[in-house]
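Okay, so here's the structure we're looking at.
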Amino acid sequence: MKLSKLLSTCNIKFKISSLYDFNIKGITYDSRKMKEKFIFTAYEGANFDGHLFIKNFNIFKDFAVISKSEIKVNNYLKRFNKRITIIETKQPIKLANEIASLIYPNKINEKIAVTGTNGKTSVSDFVRQLWTIYGFNSASLGTLGINSKIKRNQSSLTTMDGIDFHKTLNKLYNNGCEKIITEASSIGIDRWRLFPVKFQKLAFTNLSRDHIDYHKTFKNYKNSKLKLFKYFNFSDTLAIINSDDIYSRFFYEECKKHKIKVLDYGLSAKFLKIQDIIFKSTYAIIKIVLNQRKMVIKLNTICKFDIFNKFCALLLVKDFKIKKEDFKNLNKLIMPHGRFDKIYDKEFKIYIDYAHTPDALKNIFQSLERVKKNCLIALIGCGGERDSGKRNLMTKVALQYCDKVILADDNPRNEEPKKIRRDMVTGIDRKNLNRIYDIGDRKTAINFGIN
């Protein structure tokens with residue numbers, strides 16, 4: 001498609017400096033992926049300014065640049081003796097993603113996005129598994145990467161960048177994919193990585209402290225989640241909401257503003273109301289009222305949060321059409337890797353969980369308390385260059401439920417690991433410090449915990 005025709009279909013406002021038309025072959029944010037007849041999106045990121053790499057494009061005959069500043073682009077093009085199209089816009093990422101959706105189109109029948117502090121990965125993977133059970137070619141996208149019938153790979157981002165997102169949807173559609181679900185992180189939503197896709201269904205799992213290093217305040221964090229329900233919906237989009245979360249009212253209100261129908265689940269829900277949960281040694285008996293019909297469900301789980309995640313997933317797949325027999329399929333689901341993942345069960349049990357917030361740790365430890373016989377040992381860590389205010393909160397939660405707590409390094413990035421571990425014990429009294437083992441090296445810490 002010619003550049004002029006491509007741009008004529010875009011809704012994001014822009015202006016063009018010297019249009020030199022050529023057939024567009026691709027678009028990228030990454031200078032290392034730049035090719036002939038591509039559009040390069042130059043913007044200032046957290047670590048690099050994309051404009052710095054424009055000087056490397058002298059080898060290309062035809063290309064275009066998207067930027068907030070035509071002047072800034074021209075400063076890096078002084079040595080170029082070529083015709084270059086500069087596309088100036090106040091919203092370079094949104095424009096680039098809109099263009100990507102046109103270069104890499106798809107007609108996937110159903111698209112779902114799920115947001116929340118915890119549970120996104122589990123809900124997404126459960127939805128994909130359920131779709132498979134019901135015979136659909138489907139995929140989930142998120143922390144575990146792209147998981148589909150034809151492809152499985154890892155990702156460094158919970159919500160992949162916009163251009164990669166549209167490329168991925170295009171490839172999945174060309175391979176027969178009918179349905180996709182993606183995790184929508186607060187940062188991904190805030191940076192418009194999902195733009196301009198609109199979703200047939202949206203889900204909210206829960207909200208607790210996370211990503212304060214990026215959002216600065218909890219209010220900003222919450223509002224970024226709400227944007228998913230404000231900007232990424234159709235007129236007939238359906239929302240699935242955890243009624244029991246203390247912040248659910250904000251999501252109900254947002255849905256009401258945009259006339260989004262809601263199906264909720266939880267102890268205080270109207271559609272799928274949980275009346276009682278009775279935990280046994282390896283399973284749970286759950287009394288529910290589904291759309292005013294009383295039922296008793298048996299689930300092979302010892303976790304309240306797992307019940308909520310599976311109910312959310314089933315509602316996303318079956319919505320108003322859900323029947324009692326559909327709940328039987330929940331016992332066919334396999335826990336995603338790293339999510340309450342039992343990897344050893346002989347003389348003692350070992351679980352791995354990706355919990356990285358105080359609330360997520362609390363949910364894990366409360367569940368393990370039900371099955372522990374003697375003691376519960378936690379091995380935890382905190383990432384570097386991320387919300388330092390939650391570090392000692394993680395340790396305090398672990399001390400509340402566990403007999404011993406081992407501190408291990410967890411991706412310190414460019415921060416001093418010892419400093420992170422010191423933050424984790426800030427404000428801990430002497431008595432509880434005696435239950436903490438500050439080890440650092442992860443392999444050593446794991447061996448210590450097992451021994």
Side-chain angles (χ1 to χ4, degrees), residues 114 116-134 140 142-144 147 181 203-206 208 240 242-245 264-269 271-290 294-318 322-346 348-355 357 359-373 376 378 401-402:
V114 55
T117 306
N118 302 310
K120 297 188 296 296
T121 301
S122 294
V123 169
S124 297
D125 200 63
F126 290 155
V127 165
R128 180 194 58 78
Q129 290 183 55
L130 285 167
W131 275 333
T132 301
I133 290 169
Y134 290 111
S140 59
T143 308
L144 297 179
N147 204 339
I181 182 166
F204 164 68
T205 58
N206 51 65
S208 62
I240 309 300
N242 172 9
S243 66
D244 290 4
D245 189 84
D264 54 6
Y265 61 98
L267 297 167
S268 57
F271 187 77
L272 199 169
K273 182 178 179 63
I274 300 171
Q275 287 189 316
D276 192 20
I277 303 174
I278 303 166
F279 287 103
K280 302 294 184 178
S281 58
T282 58
Y283 63 93
I285 300 296
I286 309 144
K287 295 178 182 179
I288 66 170
V289 180
L290 175 63
K294 289 187 177 182
M295 300 178 188
V296 178
I297 308 297
K298 179 184 175 183
L299 275 188
N300 298 327
T301 184
I302 57 168
C303 308
K304 181 181 175 182
F305 69 85
D306 187 39
I307 294 169
F308 274 58
N309 289 340
K310 285 173 178 171
F311 281 2
C312 179
L314 190 58
L315 285 172
L316 283 168
V317 171
K318 299 299 291 186
I322 189 171
K323 297 177 182 178
K324 184 174 181 179
E325 52 264 35
D326 292 313
F327 287 92
K328 294 177 182 177
N329 288 322
L330 297 182
N331 284 324
K332 299 176 185 178
L333 302 178
I334 299 168
M335 295 297 286
H337 289 305
R339 271 67 185 176
F340 207 70
D341 195 354
K342 184 162 66 174
I343 61 165
Y344 188 82
D345 187 4
K346 291 184 181 178
F348 52 86
K349 295 177 173 63
I350 301 176
Y351 289 84
I352 294 178
D353 194 89
Y354 191 65
T357 67
D359 189 58
L361 277 183
K362 179 181 177 181
N363 290 333
I364 291 295
F365 296 144
Q366 283 181 337
S367 300
L368 289 174
E369 268 196 325
R370 298 189 186 103
V371 295
K372 87 166 189 177
K373 292 181 180 178
L376 180 57
Y401 293 95
C402 304

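If you read the sequence from its start, that first residue is 1, and numbering goes on from there.
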Rounded to the nearest 0.5 Å, how far does [atom2] of [Y] lie from [atom1] of [X]?
X	Y	atom1	atom2	value
Cys402	Glu369	SG	CD	8.0 Å
Ile302	Ser281	CD1	OG	9.5 Å
Asp353	Ile364	CG	CD1	3.5 Å
Leu314	Ile322	CG	CD1	3.5 Å
Ser208	Asp245	OG	CG	8.0 Å
His337	Ile352	NE2	CD1	10.5 Å

Any donor-acceptor pair under 3.5 Å from [X] side chain to [Y] backbone:
X	Y	result
Asn363	Ala360	no
Asn206	Gly116	no
Asp244	Gly266	no
Arg370	Phe279	no
Gln275	Val289	no

side-chain contact (heavy atoms from CB on, under 4.5 Å) assessment of Leu299 paired with Phe311: CA-CA 11 Å; Leu299 275 188; Phe311 281 2; 4.1 Å; yes
Which heavy-atom pair separates [X] from [Y] by the least distance, and what is that distance?
X	Y	value
Val114	Lys120	O-CD, 3.7 Å
Tyr265	Phe308	CE1-O, 3.5 Å
Ile277	Lys304	CD1-CG, 4.2 Å
Leu290	Met295	CD2-CE, 3.6 Å
Ile181	Leu316	CD1-CD1, 4.1 Å
Ser243	Ala269	OG-N, 3.1 Å

Considering residues, nucleotides and ligands other than [X], do more than 12 of their heavy atoms fall under 6.0 Å from its [atom1]?
X	atom1	result
Ile278	CD1	yes
Lys349	NZ	yes
Lys273	NZ	yes
Tyr354	OH	no

Parallel, tilted or perpendicular: ring planes of Phe340 versus Phe305, cut at 30 and 60 degrees: perpendicular
For the residue pair [Y] / [X], report whether a side-chain donor-acceptor contact shorter than 3.5 Å exists.
X	Y	value
Tyr283	Asn331	no
Thr205	Asn242	no
Asp306	Thr301	yes

CA sep, side-chain torsions, deciding dist, call: Leu130, Leu330, side-chain contact (heavy atoms from CB on, under 4.5 Å): CA-CA 8 Å; Leu130 285 167; Leu330 297 182; 4.3 Å; yes
Check: Phe327 and Ile288 side chains under 4.5 Å, non-hydrogen atoms: yes
Stepwise salt bridge (Lys or Arg N to Asp or Glu O under 4.0 Å) check, Arg128 with Asp125: CA-CA 5 Å; Arg128 180 194 58 78; Asp125 200 63; 3.1 Å; yes
Intermediate values then yes/no, side-chain contact (heavy atoms from CB on, under 4.5 Å), Asp341 and Met335: CA-CA 7 Å; Asp341 195 354; Met335 295 297 286; 5.7 Å; no
side-chain contact (heavy atoms from CB on, under 4.5 Å) between Ile297 and Lys310, worked out: CA-CA 12 Å; Ile297 308 297; Lys310 285 173 178 171; over 6 Å; no
